[in-house]
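Remarks on the structure that follows.
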Amino acid sequence: MKTLVWVEHDGQAVKDATLSAVTAASQLGEVHLLVVGQGVDGVAGEAAKIAGVGKVHVADDAAFAHALAENVAPLIVELMASHDAFVAPSTTHGKNIAPRVAALLDVMQISDILSVESEDTFTRPIYAGNAIATVQSTDAKKVITVRGTAFAKAATEGGSGEIEAVASTGDKGLSTFAGSEIAKNERPELTSAKIIVSGGRALASSDQFHAMIDPLADKLGAGVGASRAAVDAGYAPNDYQVGQTGKIVAPEVYVAVGISGAIQHLAGMKDSKVIIAINKDEDAPIFQVADIGLVGDLFKIVPELTAKL
Amino acid sequence: MARNGHLSRQRRHTVTVIETNDFTLEGTPMKVLVPVKRVLDYNVKPRVKADGTGVDLANVKMSMNPFDEIAVEEAIRLKDKGVTEIVVVSIGEQKSQETLRTALAMGADRAILVVSETKVEPLGVAKILAKIVEEEKPDLVILGKQAIDDDNNQTGQMLAGLLNWGQGTFASKVEIADGSVNVTREVDGGAETDTLKLPAIITTDLRLNEPRYASLPNIMKAKSKPMAQKTPADFGVDVTPRLTTLKVVEPAKRSAGIKVADVDALVGKLKEMGVAK
Ligand SMILES: Cc1cc2nc3c(=O)[nH]c(=O)nc-3n(C[C@H](O)[C@H](O)[C@H](O)COP(=O)(O)OP(=O)(O)OC[C@H]3O[C@@H](n4cnc5c(N)ncnc54)[C@H](O)[C@@H]3O)c2cc1C
Ligand SMILES: Nc1ncnc2c1ncn2[C@@H]1O[C@H](COP(=O)(O)O)[C@@H](O)[C@H]1O
C-alpha cells in the first residue's frame, strides 16, 4: 500500500504527532509525506530525513498558509489518485482536514486508530475509551487518523526522502484565516511531555491554579494539564484540557491534583505509565486508576511537595 | 424530564444573559439546520456486551449528544441575530423522536426524523444531511464536534466537503456578520478565528455556550410542533456501512495502586521512580 501522511508543522518544524502517524503508516506499506504550507522548504527538508520515508510532496502556496481544510482537502484528494491510504495525526488540524478528504473520496474515515491489525483492519476507542472496537474497512482507499500516544515516534534522522513539488490547487474562496491566539508556552507540550501535572476544579481560581500547579510542574520539568471543569471555570486555558474531548496524553508520570476522575477525564490519561492522585476525598474515582494516591488537602500537600523536591 | 441525570450543569442558569453583538441583520432572515443524535447518556458508564458485539444499550438512559445540545442552544441564541427558523434533524431509530422533542422544547421550530433502525455511519449521515440541505436551503448547519458514542468527529467536516461549504469546526465563539460568519475555534495550542462565507458548517466545542433546560410550558408546546418522518431511501442515499465491526472489547483494566501516608512517602516514591532527585 502506498500511504500519504499529512505532515503537521508550525511553519518551522515538524510536529511530533506526525512521527507517530508515520509509524502507523509504515505498518501499512510505503510512506509518502505531504508538506503543505507557505515557505515550507525548511519543514520539507526536515520531513525528508524522517526514517523510512519515500517521497515528500511539497505544496507551497499562500492558500495553504494556515492549513484551511477547504483549501488543503482538494489538494490531498488529487494526490490520492496515486495513493491507497491517507493518514493524519489526531490533532485538531488533522481532525479538521481528514474527514473532508474522506467525504470527497467517498470513503468512511477510521478515526483515532490505536493499532494496525492488517491493511484494512484497525482498532479504535469508542465511548471515551471504555470500549475498543476492531473495525474492518471495505473502502478501496483508506482515510485514517492516528492516536499519537498509541504509536512510537519514527526517528527524525536516517531517512532520505525525495522532495517533489506539487502544484497548488489554489484558494477555494470559502474561508479565510482571521487570526489566532496561540499561547507561548515554555513548558513541554502536553502530548509529548514525559511528566504532566494537571489541576482540577478544586484549585478554585486561576491564581491558585498557577500558584499551586506551576511551581510543582517547574520542579518536575512537567507539562501542565487541566480537567474540563478547571478550563470551563477559566482557571486554565482550553488547550490544557485532558480527556475524551480534549488532549489524549500518556506520559511516564501523570499527577492529578484535585481532579475527581470522571470517565471523560480518564479517557485522556489512563494510559499514562504511572498515575499519582492528590485528592481530599478518599473515595474519588481517580484513586481507582491511580498507582500512588495521597488523600488530603491539596493546598497543604502541593506546596510541601514542591518544597521537598 | 430526561435531563435529571446531568450533574455538572451549574453554569446553566446563565442562559438568560445573552451576549449581544454590535451588528444586526435586518432584512436577512436566516435558517439554521441542527442535526442531533441520540446517544448513551454521558453519566452512564458504558458496558461492553459479553458477546463482544458492542456496548449494551438495553434499558439504559439515552440522551441528546451533549455537543448537539450546545448546537441547538447556539441556534436559539442566533434568533436574536436574524435567525428565523431552526430545523432539527435526527437519523436513527424511532426513539430518536424523544431527542428531537427535547430540541423542540429547547426552542427549535420543526423536526425531521430520518428513520433507520440500523446504524448509519457519519458518511451516510453526511450524505442524508446534504440532501436535506438541498431541500431546506439553510444558511448555517450547526453540528456537534463529536458524538460521544463512537467518538468519530467526522460528520460536520464530511458534510462541508460534500456541499463545498466552509467549515468552522470546534467552535468556541460564533459571530454572524454580513454574508459571513466568524468562528473562533479551539485548536491545539490555543484558539484560531476563521471567517467563512455563508452558507457554512459549524461544529460546536464545549465552551461555545451553556445549553438551557426546557421549561415545562415549552415541553408541552413542543408536543404540537411539526415532526416529519423520512427514510434514507426517500433521499436516495445508500447507507450500507463501509466499516464492519469485528469485535468490541473492554480496554485493559488498570488496577488501583497504593495510598501513601504523607508527602515524605510520596517524595520517596518519586525518588524510587527516578522522577525526583
Ligand atoms: C461531552 C462531555 C465531554 C467532556 N469532556 C471532558 C474532558 O475532555 N476532560 C475532562 O476533564 N472532563 C470532561 N468532561 C467533564 C467531566 O464529566 C467532569 O465534569 C470533569 O472532568 C470534572 O472535573 P474535576 O475533576 O476537576 O472536577 P470535580 O469533579 O468537581 O472534582 C473536583 C475534585 O477535587 C477534590 N477536591 C476539592 N477540594 C480539594 C482540596 N482542597 N484538596 C484536594 N482535593 C480537593 C474533590 O474531592 C473532587 O474529587 C466532559 C463532559 C461532557 C458532558
Ligand atoms: N445519526 C445522526 N443524526 C443526527 N445527527 C448526527 C448523527 N450522527 C452524527 N450527527 C451529527 O454529527 C455530529 C458529529 O458526529 P460524529 O461525526 O459521529 O462524531 C454530532 O454531534 C451530530 O450533530
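Lettering follows sequence order; numbering is per chain, from 1.
Residue A/Leu305 holds its CG atom at 10.0 Å from CG of B/Asp264, rounded to the nearest 0.5 Å.
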List the atom pairs, with distances to 0.1 Å, where a side-chain N or O of residues 100-113 of chain A and a protein N or O form a donor-acceptor pair under 3.5 Å, not counting sequence neighbours.
unit_1, atom_1, unit_2, atom_2, d
A/Arg100, NH1, B/Trp165, O, 2.7
A/Arg100, NH1, B/Gln167, OE1, 3.0
A/Arg100, NH2, B/Trp165, O, 3.0
A/Asp106, OD1, B/Lys127, NZ, 2.7
A/Asp106, OD1, B/Arg242, NH2, 3.0
A/Asp106, OD2, B/Arg242, NH2, 3.2
A/Gln109, NE2, A/Ser111, OG, 3.0
A/Ser111, OG, B/Asn152, O, 2.8
A/Ser111, OG, B/Gln154, NE2, 2.8
A/Asp112, OD1, A/Ser90, OG, 2.7
A/Asp112, OD2, A/Arg147, NE, 3.2
A/Asp112, OD2, A/Arg147, NH2, 2.8

Counting only pairs under 3.5 Å, give me each side-chain donor-acceptor contact of residues 277-289 of chain A, with atom names and distances, residues two or more places apart or in other chains.
unit_1, atom_1, unit_2, atom_2, d
A/Asn279, OD1, A/Asp281, N, 2.8
A/Asn279, ND2, A/Ile259, O, 3.1
A/Asp281, OD1, A/Asp283, N, 2.8

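The nearest pair of heavy atoms linking A/Arg124 to B/Asp150 is NH2-O, 2.8 Å. Of all the heavy atoms in A/Ala178 and B/Thr195, the pair that sits closest is CB-OG1, 3.7 Å. A/Ile182 approaches B/Gly190 most closely through the heavy-atom pair CD1-N, 4.1 Å. For the residue pair A/Pro99 and B/Gln157, the shortest heavy atom distance occurs at CB-CB, 3.5 Å.
In this structure, no portion of B/Ala126 lies under 4.5 Å from any heavy atom of chain A. A/Ala73 does not touch chain B: none of its heavy atoms, backbone or side chain, sits under 4.5 Å away. Interface remark: A/Leu68 contributes side-chain atoms only to the contact with chain B (heavy atom separation under 4.5 Å).
Comparing A/Ile195, A/Ile97, A/Leu294, A/Asp120 by how many heavy-atom pairs each has under 4.5 Å with chain B, the most go to A/Leu294. Ranked by heavy-atom pairs under 4.5 Å with chain B, the first of A/Thr138, A/Thr134, A/Thr191, A/Ile126 is A/Thr134. Ranked by heavy-atom pairs under 4.5 Å with chain B, the list A/Ile276, A/Ile275, A/Asp10, A/Thr145 is led by A/Ile275.
Residues B/Leu196 and A/Glu70 have side chains in contact (heavy-atom distance under 4.5 Å, counting atoms from C-beta outward). By the 4.5 Å heavy-atom criterion applied to side chains, B/Met273 and A/Val253 are counted as neighbours. Annotation: side chain of A/Val295 is in contact with side chain of B/Lys259 (closest heavy-atom distance under 4.5 Å). By the 4.5 Å heavy-atom criterion applied to side chains, B/Asp194 and A/Thr176 are not counted as neighbours. A heavy-atom distance below 4.5 Å is not found between the side chains of A/Glu181 and B/Thr193. Side-chain contact between B/Pro46 and A/Ile263: present, with at least one pair of heavy atoms (C-beta onward) separated by less than 4.5 Å. Considering only heavy atoms from C-beta on, B/Leu266 comes within 4.5 Å of A/Ile292 through its side chain. A 4.5 Å side-chain heavy-atom check between B/Asp262 and A/Glu304 finds every atom pair outside the cut-off.
Applying a 4.5 Å heavy-atom cutoff, the residues of residues 265-272 of chain A that approach chain B are A/Lys270, A/Asp271, A/Ser272.
Among residues two or more places apart in sequence or in another chain, the salt bridge (Lys or Arg N to Asp or Glu O under 4.0 Å) test is passed with A/Lys142 by none.
B/Asp151 contributes a side-chain N or O that, together with a main-chain N or O of A/Ala128, makes up a donor-acceptor pair within less than 3.5 Å. Distance alone, capped at 3.5 Å, is enough to place a donor-acceptor pair between the B/Asp188 side chain and the A/Thr92 backbone. Counting only distance, with no hydrogens or angles, the side chain of B/Lys145 and the backbone of A/Thr245 share a donor-acceptor pair below 3.5 Å.
A donor atom on one side chain and an acceptor atom on the other are found under 3.5 Å apart for B/Thr169 and A/Asn96.
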